[in-house]
Structures are given as structure tokens and as C-alpha cells.
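Order of listing sets the numbers, starting from 1, for every ligand and every atom in it.
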Amino acid sequence: MLAREQRRRVQGGVAGLTGEAFGAASMLEAMPQFELTSRESAVVEAVPHQLFIGGSWRDASGGSTIVVQDPSTGGALCEVADASLEDAAAALDAACAAGEAWRTTAPRERGDVLRRAYELILERTEDIALLMTLEMGKPIKESKAEITYANNFLRWYSEEAVRINGRFSVNENGAGRVLTMKQAIGPCLFITPWNFPLAMGTRKIGPAIAAGCTMVVKPAKQTPLCMLALAQILEEAGLPGGVLNVITAEKSGDTMGPLIADPRVRKLSFTGSTSVGRSLIKQASEQVLKVSMELGGNAPFVVFEDADLDQAVEGAMIAKMRNMGEACTSANRFHVHESIAEEFADKLAQRMDAMAVGRGTEDGIDVGPMINADERDKVHELVEDAVAKGARVLTGGESIEGPGHFYRPTVLGSVPKDARVLSEEIFGPVAPVTTFATEDEAVAAANDTEYGLVAYLFTRDLERAFRVVERLETGMIGLNQGMVSNAGAPFGGVKQSGFGREGGPEGMEEYLETKYVAMNLGG
Ligand code: NAD
């Protein structure tokens with residue numbers, strides 16, 4: 001019954017389908033066409049679809065474009081510029097040219113730009129949320145949550161700009177003095193993914209602007225519009241031309257490769273998959289370029305027998321279904337004590353089953369589409385593999401027909417240890433539940449991955465909580481809570497989830513170099 005209802009709602013969401021435009025002249029016209037509402041068209045059109053270089057908006061020098069699609073319909077939303085190598089070089093030139101003036105701009109002024117941008121985003125949250133939902137697919141309420149999270153980085157770092165401190169101390173021999181100062185690291189390159197189109201940008205841009213750095217940002221080609229909207233807002237907030245340059249590109253590797261090889265660049269910060277991160281680390285090594293890598297995850301969600309079960313289920317819903325499971329922090333596997341595993345899985349399945357799937361712009365929708373057909377098919381392949389090896393489907397387990405790339409929220413019980421779904425990043429709305437008998441077994445299973453971004457732990461036993469927290473090999477831990485993201489806290493991983501931290505004072509350090517002056521006071 002519920003599956004049929006969900007199908008109806010998904011199809012209802014694309015009632016504006018008007019059919020393909022065969023023989024159309026431009027790439028955009030060749031895509032399936034869908035009618036946007038006038039408000040949807042207005043928010044898409046309000047954002048420049050060009051490159052933002054040196055404080056001006058311009059088309060790609062070769063005139064090429066990329067089509068941006070609505071993943072809930074597969075229909076085209078608009079075209080944005082596809083930067084040429086010359087455009088990319090011009091963006092870096094602009095960042096380098098603006099470097100000295102921005103580095104020496106008063107910290108309060110740098111902070112004030114961020115604060116004004118924060119206020120503008122607050123005012124425009126409704127429009128940006130719709131834009132985000134259109135290009136990325138997540139329901140409007142999730143877009144609003146991301147905007148709040150993203151915007152908090154601008155607010156936090158507007159406050160940090162005036163707290164860049166060095167130190168002064170007497171040398172141990174009593175004669176000389178030790179002076180350290182923090183200075184902006186210099187021109188930065190940022191590459192961001194599609195899953196959090198705004199927040200993955202502000203986590204880097206906020207501290208970089210506060211520290212006095214200039215930058216070239218390349219968002220994912222699937223979701224460039226939020227980054228362009230952010231550039232527009234920062235321009236309006238008074239950010240001088242050249243401090244932030246945004247280029248959109250079809251072939252990210254080709255476009256960014258020459259910039260990574262440019263000796264003027266001082267920092268590369270990347271958020272995305274571990275495989276791409278690995279290749280960027282190699283490229284960056286040529287210039288001994290300082291890098292931050294926010295990579296993939298495979299978060300364990302561990303529930304001990306003494307946990308508050310309802311609290312654990314609540315936490316599981318957030319850890320699993322935030323962003324439809326398309327989050328690096330998404331709970332990838334549920335390790336539940338064997339005495340409560342069945343009850344936990346049943347309760348989770350009930351909650352997942354009740355979620356409404358559909359186009360994120362519609363009222364009451366909990367789960368939007370996957371970003372594209374490949375991602376949805378990969379999710380289904382992992383489910384099929386688990387089922388073939390003996391897992392039970394407690395709810396979901398199938399794609400939803402129709403345009404758009406929808407997948408039903410899924411819970412798998414009795415998942416065997418060799419199922420791929422436990423070891424690979426799912427990046428979708430699938431919760432595999434497996435069991436453990438002892439604390440040692442739980443810790444070993446949680447750590448049995450090359451990733452180390454975040455782990456979730458549910459227990460009411462304080463001693464156990466600390467014991468396990470200290471043994472988990474991750475950069476972050478959610479203790480009795482399903483979410484760790486917080487602008488004031490250091491976000492980041494260990495092992496193959498990368499290195500570097502975003503958020504909090506640690507996030508600022510990524511954009512500062514320490515200079516030490518050995519002072520001879522004479523005598
Ligand atoms: P992706 O690695 O495919 O792409 C990320 C970005 O890198 C995009 O802008 C893309 O265009 C660009 N890119 C791709 N190949 C490149 C190359 N050869 N050279 C330069 N740039 C290149 O990742 P995705 O599919 O956009 O995002 C999903 C992945 O991101 C998941 O693995 C997820 O776990 C990870 N992620 C991590 C964090 C974190 O903070 N740790 C946050 C969000 C997403």
C-alpha cells in the first residue's frame with residue numbers, strides 16, 4: 001500500500017513533464033523539458049550563470065556551457081559556463097593579484113564582510129532553499145537545514161577574523177625572545193562536492209576570507225548554482241573583486257590540474273571522494289602544496305544493550321536519513337547488540353517506511369531523489385548483493401519508477417559480515433543492521449574499515465562510553481546523538497577519510513601559517 005502511495009506521490013511531483021524537444025539547437029533544448037513554476041524559474045534566473053573572476057561576471061571564453069539538471073525530474077534547469085583553461089588561469093591570476101591587499105585589509109573589515117553575507121543569506125533563505133532543492137534534490141526542509149549550517153560558518157568566522165593571535169615568550173636561556181605570528185597562507189584552491197552545495201563551500205570560504213586569503217573555488221558541476229548565489233551575495237556584502245573567484249567546469253581534472261601545478265598556489269582544500277582525493281594528493285606533492293582532504297566515510301552506528309532504544313532509533317534516523325543518506329557522515333552500518341537488534345531494526349523499519357518520497361519542492365516530502373541514475377543503481381546493487389548473501393529486506397529495497405532517481409528508504413536485517421554494503425560507502429537511504437555480542441567485537445567491527453570520519457555510539461554507561469570513544473579510530477564521534485556537524489567544532493577524519501579540520505578555531509588554522517622570529521635583544 002505504502003509503496004503504491006509513494007509511487008503516486010513521486011509521479012505527481014513531475015506532472016509538468018512536457019516531453020523531449022527533438023532536433024533542438026542547444027544542449028539545453030536537447031534535454032527533456034519540464035515546466036518549472038514561475039517562482040522556480042525566477043530563483044534559477046536570479047543567479048548569474050557565468051564565471052565570477054576578478055569581481056566580474058563573464059561567459060566562458062570558448063562559449064561552452066554545462067547543463068544543470070533537476071534530479072527529481074531529469075529535466076534541465078539552466079546552463080552555466082564551462083570554464084576553459086584560460087578562464088581558470090585568469091581566475092588564479094585574479095586571486096593572486098588581490099592577495100596582498102586582502103591580506104592587509106583590517107581583520108574587522110574582513111569579518112564585517114562575512115557578517116553582512118550572513119545577514120543576506122538569512123534574508124534570502126527561502127529562495128536559496130528552493131534553488132538548492134532544484135539542483136540537488138533534497139527536500140526544502142533539508143535545504144533550509146543546510147543553509148543554517150552553511151551560514152553558521154560565515155557567522156563563526158566573522159567573529160574569528162579579529163582573534164588571530166601569535167605569542168611572545170622569553171627564551172629558555174633567558175637571553176633571547178620567541179615571537180610567533182600568524183599570517184594568511186596565500187592563494188587557495190577549493191574543490192567541493194554536490195551533496196552539500198553551500199555548506200561544503202562556506203566551511204572553506206568563511207575561514208579563508210577571515211584569515212585574509214584569496215581563492216579560486218570550483219563547485220561540483222551537478223550543483224553549481226548555490227555557489228554562484230554565494231558569490232553574488234559576498235559581492236553584495238562588499239568582498240573586493242578577486243578575493244573569491246568561482247569557476248564551473250565540465251572536466252574538473254583538466255581544469256584544476258594546471259592550477260594545482262602553479263607555484264603561486266599555497267593551499268588546496270578538497271571535499272569529495274577518497275579516490276579523487278588520493279589523486280589530488282599526488283598532484284599536490286609536486287609543489288609540496290599544503291592540502292586539506294575531507295574524503296569519504298563508512299560510519300559505524302553502534303548500539304549497546306544498555307542504550308535508550310528510542311533515543312537510538314531517533315539518532316539513527318538523523319544519522320542515516322539526513323540528506324537522504326548522501327552524506328559523508330551518514331551512518332553506513334548499524335552494529336546492534338544481539339539482544340536488541342531485532343527490536344531496533346523493526347522500529348527503524350517502521351520509521352523509514354513512513355517517510356514520504358518525492359520531489360523535494362512538494363509539501364510534506366521527507367526523501368528526495370538520488371543525484372543521478374548511476375548513484376541510485378549503485379545503491380540498489382549493494383542491496384541486491386546483501387540480499388543474495390542472506391540479508392532480509394525489512395522495508396524498501398527497490399527503486400521507484402518514473403522520471404527522477406528515487407530509491408525507497410530501506411532497512412536490511414541480519415546482514416552477513418561479507419556483504420559489500422557494510423564495507424563500501426552506500427551514499428543512499430539504506431540501513432544495514434548487523435549484530436555483535438561483546439564490546440570488543442563491537443569496537444573491532446566499527447574499526448574494520450579503511451575510513452575513519454565519524455562513528456555513532458549509543459550507551460547509557462558512562463565508563464563504557466569513554467572506553468569505547470577512546471578506542472574508535474575516527475576523527476569525530478556522536479555520543480548518544482546522530483549528528484556531529486557544528487560550525488564551532490573541528491570536522492574531519494583520520495585514515496582514508498582524509499586530514500585537516502573544518503570548523504571551530506582548528507578550521508581557521510588551515511588558512512594560517514606560523515612565522516617564528518628569533519629575537520636577539522642584545523646584551
Ligand atoms: P567527487 O570526488 O566525485 O567530486 C568532488 C569534486 O571533485 C567535484 O567538484 C568534482 O567535479 C571534482 N573532481 C572530480 N574529479 C576530479 C579531478 N580528477 N580533479 C579535480 N577535481 C575533480 O565526489 P562527489 O561525488 O561530488 O561527492 C561525494 C563524495 O564526497 C563522497 O565520497 C562523500 O563521502 C564525500 N564527501 C566528504 C565530505 C567530508 O567532509 N569528509 C563531505 C561531503 C562529501
Side-chain angles (χ1 to χ4, degrees), residues 66 68 71 80 82-83 85 88 135-136 138 146 149-150 153 189-204 216-224 226-227 246-261 265 268-284 289 291-299 322-332 370-372 374-376 378-379 424-428 449-454 474-476 484-487 489-503 507 510:
I66 309 166
V68 184
V80 296
D82 180 10
L85 295 186
E135 67 173 347
M136 191 276 171
K138 66 179 84 178
E146 178 182 340
Y149 173 52
F153 287 97
L189 300 179
F190 297 154
I191 304 176
T192 57
W194 50 262
N195 62 341
F196 290 100
L198 193 65
M200 298 304 97
T202 58
R203 286 203 316 197
K204 303 179 194 302
V216 177
V217 183
K218 196 216 69 68
K221 66 180 175 191
Q222 295 89 339
T223 57
C226 284
M227 194 68 79
V246 179
I247 54 172
T248 45
E250 174 70 41
K251 295 203 170 99
S252 191
D254 294 353
T255 312
M256 296 307 284
L259 303 194
I260 295 168
V265 172
L268 166 65
S269 179
F270 171 76
T271 301
S273 60
T274 294
S275 61
V276 173
R278 227 179 255 128
S279 98
L280 292 175
I281 293 169
K282 275 191 202 140
Q283 291 176 57
L289 183 58
V291 293
S292 295
M293 290 283 146
E294 298 287 349
L295 308 178
N298 178 359
R322 176 173 177 235
N323 226 42
M324 291 104 64
E326 290 176 321
C328 51
T329 51
S330 182
N332 209 65
M370 304 284 87
I371 191 72
N372 57 38
D374 284 354
E375 287 293 321
R376 184 204 47 203
K378 190 203 76 188
V379 168
E424 295 180 27
E425 189 177 29
I426 304 170
F427 234 57
T449 167
E450 70 269 27
Y451 294 107
L453 189 61
V454 59
T474 56
M476 302 177 287
V484 293
S485 301
N486 170 0
F491 187 105
V494 299
K495 293 160 78 179
Q496 294 194 32
S497 290
F499 40 78
R501 292 293 180 267
E502 294 189 325
E510 301 281 329

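Here Arg376 contributes atom CZ and Met370 contributes atom CE; the two are 10.0 Å apart, rounded to the nearest 0.5 Å.
Of the possible polar contacts, one joining the Thr274 side chain to the Gly296 backbone as a donor-acceptor pair under 3.5 Å is found.
Evaluation of the side-chain contact (heavy atoms from CB on, under 4.5 Å) rule for Thr271 yields Pro193, Met200, Arg203, Lys204, Glu294, Glu502 as partners, not counting sequence neighbours. Checked against ring-ring contact (aromatic ring centres under 6.0 Å, His included), Phe427 has the following partners two or more places apart in sequence or in another chain: Trp194. Residues forming a side-chain contact (heavy atoms from CB on, under 4.5 Å) with Glu146 (at least two apart in sequence, or on another chain): Met132, Lys138, Phe196, Pro197, Leu198, Ala199.
Met256 has its side chain within reach of Ile247: a pair of non-hydrogen atoms, C-beta onward, lies under 4.5 Å apart.
For ligand 1, the 4.0 Å heavy-atom shell takes in Ile191, Thr192, Pro193, Trp194, Asn195, Met200, Arg203, Lys218, Pro219, Ala220, Ser252, Gly253, Phe270, Thr271, Gly272, Ser273, Val276, Leu280, Glu294, Leu295, Gly296, Gly297, Cys328, Glu425, Phe427, Leu453, Phe491, ordered by chain and residue number.
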